[in-house]
Amino acid sequence: MNKIPNRQAICETLMAHAKNDKDIIALCSDSRGSASMTPFFNEFPEQSVEVGIAEQNLVGIAAGMAHVGKKPYCFSPACFISTRSYEQAKVDVAYSNTNVKLIGISGGISYGELGMSHHSAQDIAAMSAIPNMRVYLPSDRFQTAKLIEKLLEDDKPAYVRVGRNPVEDIYSEDNIPFEMDKATVHKYGQNNEKKVVIVACGEMVRPSIEAAKLLQEKNYAVTVLDMYCVKPFDSKALINAAADAELVVSVEEHAPFGGLGSVVAGVVSANKPVKVIQLALPDDHVITGKSKAVFDYYGLNGEGIANTVINNLH
C-alpha cells in the first residue's frame, strides 16, 4: 500500500526544481507540516515564506511576488484557501492572470472528524467560477508530480486540490499516461454488452476503477475517465466515451452543486443525451469520521459506485 500522500509528491517535485530555479517560492499559512512542505522550508529557507494563519495575506503576498517574476506556490487547507482568500484569488490572482499556484491541501473530507468547518465540499464550484482560474484534482502521487512539473512550465493561475492521506497508486513510475488538460482513459470489459462511462476526479478515481473491475465481471463495458482537469474540462474525451454509452456516472468528493457532476451533465446533455447519474457528497452537513468511513457511508466506494450503475441500468 502506498504511504506517500499527494502533498508529499508536490513537495518533492518542487524541491527537485527549486535547486536550479531560485524563483520558485513556497508560501504557507501555518501549514508547512500539514502540507508536507517542512523539507522544502528546511532546505530552501530563502525561497520559503511563512505568513501564519492569514490566508488572505498568503494569496496577496504571492500575487505581489509573481508580479516581480517569482513563481509562488501557496499552501493552505483547501477549506480555507478556497473561502477565506476567495476575493484575493479572484482579484489579485485571476483578474490579472497572475502566475500564482494555489495548493489546497487536505481537500474534501480529509479532515474527517473535525467536521464541516474543515471540509471543503464547495471548492471546485467556487474556483471554477473564477475566469482564468484552472482547477485540478490529481488522482495519485505520480499524476500529481506530473501535474506540478507541467504547472512549473507555465505562468497562469491554477488551483490544485489534494487530500491529506496517501491514496493507492493508480499509475506507476514507469507508466504515467499524462497529458496536460486531457483526461486519462481506462477501459474495462471492452467487448461486454452494457456500456457505461464513469467520470471521476481526485481520490474518487481509485474507487471508480474498482467499480469498473466489479462491473466488467457482470458483463458491463466500462470506460473510466480520470478527469483530473476539471477546468479546463476535456469535453472531447467525454463526448467520445459517451458516444455509445447507455449511462454516464460522475463521481466526486464535493457537494452536488457546481462541481464535476454539473459539468458532466452539461456536456453530455448538449452533445450526446443519455442518462446521467451524479454521485457526490450530500447537500447537508457531512457525517464525521475518517475518510474511508465517510466514503463508505455515502456509497463513494467501489461497491457503492457499481451498485449505482446496476440499479440505474437494467
Would you say the side chain of [Y] lies within less than 4.5 Å of the side chain of [X], judging by non-hydrogen atoms?
X	Y	result
Y136	P232	yes
V251	P207	no
V230	E252	no
Q47	K70	no
V263	M227	no
F142	I170	no
E168	N2	no
H254	D123	yes

Assigning hydrophobic clusters by single linkage (Ile, Leu, Val, Met, Phe, Trp, Tyr; side-chain heavy-atom cutoff under 4.5 Å), is [X] placed with [Y]?
X	Y	value
L225	Y228	no
L58	M65	yes
F295	I287	yes
F40	F75	yes
L152	I25	no

Closest heavy-atom contact between [X] and [Y]?
X	Y	result
P157	V93	CB-CG1, 3.6 Å
A126	Y86	O-OH, 2.7 Å
P138	N6	O-ND2, 3.7 Å
A158	M133	C-SD, 3.7 Å
Q122	S82	NE2-OG, 2.9 Å
M204	E253	CG-N, 3.7 Å

Test item: [X] side-chain N/O and [Y] main-chain N/O as donor-acceptor pair under 3.5 Å:
X	Y	value
S29	G52	no
K275	L313	no
Q56	R84	yes
R141	D169	no
R161	S120	yes
N132	A94	yes
S250	L260	no
S128	A125	no
E50	D30	yes
H118	P77	no

Fill in: E246 with K194: basic N within carboxylate O range, under 4.0 Å
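Salt bridge flag = no for K194 with E246.
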
Once you round to the nearest 0.5 Å, how far does [atom1] of [X] lie from [atom2] of [Y]?
X	Y	atom1	atom2	answer
M37	N42	CE	CG	10.5 Å
N307	N301	CG	CG	8.5 Å
K146	E179	NZ	CD	12.0 Å
Y159	I81	OH	CD1	7.0 Å
S36	Q8	OG	CD	5.5 Å
M127	K90	CE	NZ	11.5 Å

Just wondering, more than 12 heavy atoms not from [X] lying within 6.0 Å of its [atom1]?
X	atom1	value
Y95	OH	no
E43	CD	yes
K150	NZ	no
N175	CG	yes
K292	NZ	no
I53	CD1	no

Fill in: Distance-only side-chain donor-acceptor flag, K101 / N99, under 3.5 Å
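N99 and K101 do have a side-chain donor-acceptor pair below 3.5 Å.
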
Practice prompt. Could you check Y220 against I310 for side chain to side chain contact (heavy atoms under 4.5 Å, CB included), going step by step and ending with a plain yes or no?
Written response: CA-CA 9 Å; Y220 290 83; I310 293 170; 3.7 Å; yes

Item to complete: Begin with the C-alpha distance, continue with both residues' side-chain angles, and end with the deciding distance and a verdict on side chain to side chain contact (heavy atoms under 4.5 Å, CB included) for V205 and L137.
Response: CA-CA 10 Å; V205 175; L137 281 80; over 6 Å; no

Worksheet item: Given K71, which of D154, D23, D21, D155 fulfils the salt bridge (Lys or Arg N to Asp or Glu O under 4.0 Å) condition?
Response: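 By the salt bridge (Lys or Arg N to Asp or Glu O under 4.0 Å) criterion, K71 pairs with just one of D154, D23, D21, D155: D21.
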
Fill in: Worked check of side chain to side chain contact (heavy atoms under 4.5 Å, CB included) between I105 and I103
CA-CA 6 Å; I105 57 174; I103 312 297; 4.2 Å; yes

Practice prompt. Show your reasoning for whether side chain to side chain contact (heavy atoms under 4.5 Å, CB included) applies to N57 and Q88.
Written response: CA-CA 8 Å; N57 290 344; Q88 285 69 34; over 6 Å; no

Worksheet item: Relative to each other, are the rings of H186 and Y188 parallel, tilted or perpendicular (30° and 60° limits)?
Response: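 Ring orientation of H186 relative to Y188: parallel.
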
Fill in: Aromatic ring proximity, centroids under 6.0 angstrom, F178 and Y171
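Judged by ring-centre distance (under 6.0 Å), Y171 and F178 do not meet the cut-off.
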
